[in-house]
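As the structure is a prediction and not an experimental result, all values here were calculated from the model.
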Amino acid sequence: MEQKSNFSDLPEDIVMEILSRLPVKCLLQLKCVNKKWYVLIENPIFIQKHLHNTKNHTTSYFVHHYFLDTMKSGFTLFHHDEQNQSIPKSHLYQDVLNTSTHLWQVLSPLNGLFLLYNDREDVALWNPSTKEFKPLPISQPLNCPLYMLSSYKFGFGIEPSSGDYKVIWMRDYWDVDSEDWHSPTIISVYTLSMNSWRTFEEFSVSSRDLVKSNGNTYLNGFYYWRACQNDKIFAFDMNNDKIVEIQTPKSFVSKQGDLSLFNDFIAMYIYEPIILGRETSIDIWIMEENGYWTKNVRIGPFLNIKRSLGYGNNGEIFLEVVTCQLDIFDPFLKKNRVLGQQKSGYSLQAFAYNESLVSLKNNCIL
């Protein structure tokens with residue numbers, strides 16, 4: 001008589017392969033089944049394998065809203081169904097950030113983790129899939145009433161040599177006494193494994209020179225910002241905490257632009273100023289080497305768009321149209337799809353999102 005095999009009798013590599021294709025919610029439940037599965041799902045190798053599978057198969061869309069009825073920011077997660085439509089889930093994340101009355105700002109996700117911050121100098125990391133929310137330690141390098149924080153920019157990435165997550169916080173202060181900017185710029189770097197900040201001075205660039213990107217700009221150990229005039233970009237090296245300046249084509253200066261990723265390249269999305277009623281096309285330039293840019297593709301034209309809200313790594317563009325409707329340009333279908341419409345507020349940003357098991361515990365995640 002043939003014996004039936006239990007799932008637990010399968011080789012560990014087969015079990016890992018099967019489990020690594022399950023949603024995070026299922027895996028969190030399975031951790032409670034037995035100790036063996038708990039250890040496997042907590043293993044950094046399994047977490048990395050699961051992340052690789054979700055990046056290749058299950059991209060969703062994450063929209064950051066501001067709700068006028070509650071006067072709070074919140075999030076909606078959209079996922080694809082079998083007909084390639086985007087279906088919204090309930091606002092599961094509307095109250096998770098109820099740690100402050102001040103509006104949170106968000107950096108595009110990295111391995112399923114978001115960096116959040118606000119004008120009260122609150123900074124936090126958040127994994128919506130596991131519901132981990134980690135406020136970062138307070139960092140006040142110039143704790144003096146004569147210095148007022150007046151400009152700041154953030155970055156978020158991974159140190160390749162260790163696999164550790166880092167947060168970059170670049171700050172410029174106004175000297176109330178002299179009525180001038182305090183020099184130099186103050187840069188603080190947070191390391192997740194140490195749960196602490198390291199602060200140093202920077203003379204070559206200030207946060208006032210930089211623009212926050214709507215898309216993800218971390219790539220291969222560097223976090224990138226574009227300059228206000230589009231004439232250059234700045235790269236922060238996660239390995240040595242140094243900043244590098246990179247020139248852009250002169251044609252960028254007279255245009256509007258956003259910095260983001262495109263097919264695993266740093267890219268500039270260049271377009272003419274948006275005027276309602278006029279068609280707008282977007283040229284995507286990629287940086288193949290430091291300072292060497294090539295025009296990759298032109299997309300559009302788009303009509304009646306108000307602004308772009310974000311970019312995906314594969315050419316997706318999130319667009320707010322005049323009716324407050326949120327569209328996504330699909331580079332594969334070569335057309336726009338309706339993502340949603342805000343009736344009681346407005347959209348702030350939109351992201352391509354992959355859920356993950358990456359933990360916010362104070363350890364290195366390779």
Side-chain angles (χ1 to χ4, degrees), residues 44 47 62 64 72-75 93-144 147-173 185-202 207 210 212-213 216-218 221-225 236-241 243 348-349 351 353 355-366:
I47 293 173
F62 214 79
H64 183 201
K72 293 181 180 179
S73 62
F75 300 84
Y93 310 110
Q94 186 168 352
D95 296 325
V96 73
L97 307 182
N98 194 22
T99 56
S100 170
T101 56
H102 287 240
L103 177 64
W104 288 97
Q105 297 188 57
V106 184
L107 281 195
S108 189
L110 174 63
N111 291 347
L113 303 181
F114 287 91
L115 174 71
L116 304 101
Y117 57 93
N118 61 26
D119 289 337
R120 289 186 60 189
E121 299 187 66
D122 299 318
V123 187
L125 293 172
W126 179 41
N127 185 333
S129 301
T130 63
K131 299 183 181 179
E132 282 188 272
F133 183 81
K134 182 182 178 64
L136 302 193
I138 295 173
S139 171
Q140 294 180 331
L142 291 181
N143 190 13
C144 172
Y147 296 126
M148 181 174 62
L149 179 61
S150 297
S151 176
Y152 56 87
K153 295 296 183 298
F154 280 89
F156 182 40
I158 301 171
E159 183 182 273
S161 60
S162 66
D164 212 343
Y165 288 87
K166 283 186 170 182
V167 175
I168 308 110
W169 192 356
M170 189 182 302
R171 284 175 277 191
D172 285 288
Y173 292 84
T185 295
I186 306 297
I187 295 182
S188 299
V189 178
Y190 170 84
T191 305
L192 180 60
S193 65
M194 303 297 292
N195 193 35
S196 63
W197 296 91
R198 183 180 78 88
T199 298
F200 56 94
E201 298 177 339
E202 176 61 48
S207 65
L210 311 180
K212 176 191 174 186
S213 297
N216 179 26
T217 57
Y218 169 79
F222 289 85
Y223 188 88
Y224 296 84
W225 301 272
F236 185 91
D237 189 333
M238 294 285 175
N239 273 327
N240 58 28
D241 294 349
I243 295 179
L348 300 172
Q349 286 177 272
F351 315 95
Y353 174 73
E355 66 172 16
S356 84
L357 289 162
V358 175
S359 175
L360 297 177
K361 298 174 184 176
N362 301 339
N363 54 5
C364 296
I365 303 297
L366 298 178

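Just one residue in the list P128, S108, P109 forms a side-chain contact (heavy atoms from CB on, under 4.5 Å) with F62, and that residue is P128. Each of S150, S207, S151 was checked for a side-chain hydrogen bond (donor to acceptor under 3.5 Å, both in side chains) with D172, and the lone residue meeting it is S207.
Checking Y190 against N195 by side-chain atom types alone, a donor-acceptor pair falls below 3.5 Å. In this model, no donor atom of one side chain and acceptor atom of the other lie less than 3.5 Å apart for D164 and T191. Side-chain N/O atoms of S129 and Y353 include a donor and acceptor closer than 3.5 Å.
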Quiz prompt | Full working for side chain to side chain contact (heavy atoms under 4.5 Å, CB included) between F154 and V167 | solution = CA-CA 7 Å; F154 280 89; V167 175; 4.0 Å; yes

Exercise. Go through the steps to decide whether D241 and I187 satisfy the test side chain to side chain contact (heavy atoms under 4.5 Å, CB included), and finish with yes or no.
Key: CA-CA 9 Å; D241 294 349; I187 295 182; over 6 Å; no

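Atom CZ in F133 sits 9.0 Å away from atom CG in L125 (nearest 0.5 Å). For the atom pair CD of Q105 and OH of Y152, the computed distance is 5.0 Å after rounding to the nearest 0.5 Å. For the atom pair CG (L107) and CZ (F156), the distance works out to 8.5 Å, reported to the nearest 0.5 Å. Note that CG of L115 and OH of Y165 are 13.0 Å apart. Values are rounded to the nearest 0.5 Å. Taking OH of Y223 as the reference point, atom NZ of K153 lies at 11.0 Å (rounded to 0.5 Å). Rounding to the nearest 0.5 angstrom, the gap separating the OG atom in S356 from the CG atom in L113 is 5.0 Å.
The shortest non-hydrogen separation linking E132 to V358 is OE1-O, 4.0 Å. Taking all atoms of both residues into account, the shortest heavy-atom contact from S161 to N239 is OG-OD1, 3.1 Å. Across all non-hydrogen atoms, the minimal contact from L357 to T130 is CA-CG2, 4.2 Å. Between S359 and L192, the shortest heavy-atom contact is O-CD2, 4.1 Å. In this structure, M170 and L210 approach most closely via the heavy-atom pair SD-CD1, 3.6 Å. The minimum heavy-atom distance between K166 and E159, with the atom names listed, is NZ-OE1, 2.8 Å.
Aromatic ring pairs are classed by plane angle as parallel below 30°, tilted from 30° to 60° and perpendicular above 60°; the pair F114 and F75 is tilted. A tilted orientation is assigned to the rings of F222 and Y224, their planes being inclined by 30° to 60°.
Counting heavy atoms from C-beta on, the side chains of W169 and W197 come closer than 4.5 Å. No side-chain heavy atom of Y117 sits less than 4.5 Å from a side-chain heavy atom of L136. At a threshold of 4.5 Å between non-hydrogen side-chain atoms, the residues V106 and W126 do not count as touching.
Y173 meets the side chain to side chain contact (heavy atoms under 4.5 Å, CB included) test with P141, L142, Y147, L149, R171, H182, I186; sequence neighbours excluded.
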